[in-house]
Amino acid sequence: MSQVFMNCPNTDKPVYVGLNMEWNALEAYEPDPRKTILKECPECGADHTFRKNDLFLRADGGAG
């Protein structure tokens, strides 16, 4: 399973949003606007909202 990231809008650095899924699940993902908040971004400390188009996957490196 892969980790879901977004780029911090303040630093443009990738940050993990707390979700894990495969590519096909991300393609079908419809985020709930009330629950799409990254609390205390590890890059800038601010809270961020995200949309589906903001997200991308990174492999977790585990064997599958």
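Keep in mind the model is a prediction, meaning the values are calculated, not measured.
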Shortest non-hydrogen separation from [X] to [Y] and the atoms involved:
{"X": "Asp54", "Y": "Arg51", "result": "OD2-N, 2.7 Å"}
{"X": "Met6", "Y": "Leu38", "result": "SD-CD2, 4.3 Å"}
{"X": "Val15", "Y": "Cys8", "result": "CG2-N, 4.3 Å"}

Any side-chain heavy-atom pair from Arg58 and Ser2 closer than 4.5 angstrom?
-> no
Please check if Trp23 and Tyr16 belong to a single hydrophobic cluster, counting links between Ile, Leu, Val, Met, Phe, Trp and Tyr side chain heavy atoms closer than 4.5 Å.
-> no
Can Tyr29 be reached from Val4 by stepping across I, L, V, M, F, W or Y side chains whose heavy atoms are under 4.5 Å apart?
-> yes
Rounded distance [0.5 Å steps], [atom1] in [X] versus [atom2] in [Y]:
{"X": "His48", "Y": "Ile37", "atom1": "NE2", "atom2": "CD1", "answer": "11.5 Å"}
{"X": "Cys41", "Y": "Asn7", "atom1": "SG", "atom2": "CG", "answer": "10.0 Å"}
{"X": "Leu26", "Y": "Leu19", "atom1": "CG", "atom2": "CG", "answer": "9.0 Å"}

Do side-chain atoms of Glu22 reach the backbone of Met1 as a donor and acceptor pair under 3.5 angstrom?
-> yes
Check: Lys52 side chain, Glu27 main-chain N or O, donor-acceptor pair, under 3.5 Å | yes
Take the angle between the ring planes of Phe5 and Phe56 and call it parallel below 30°, perpendicular above 60°, tilted in between.
-> parallel
Give a yes or no on this: more than 12 heavy atoms of other residues, nucleotides or ligands lie within 6.0 Å of atom CD of Glu40.
-> no
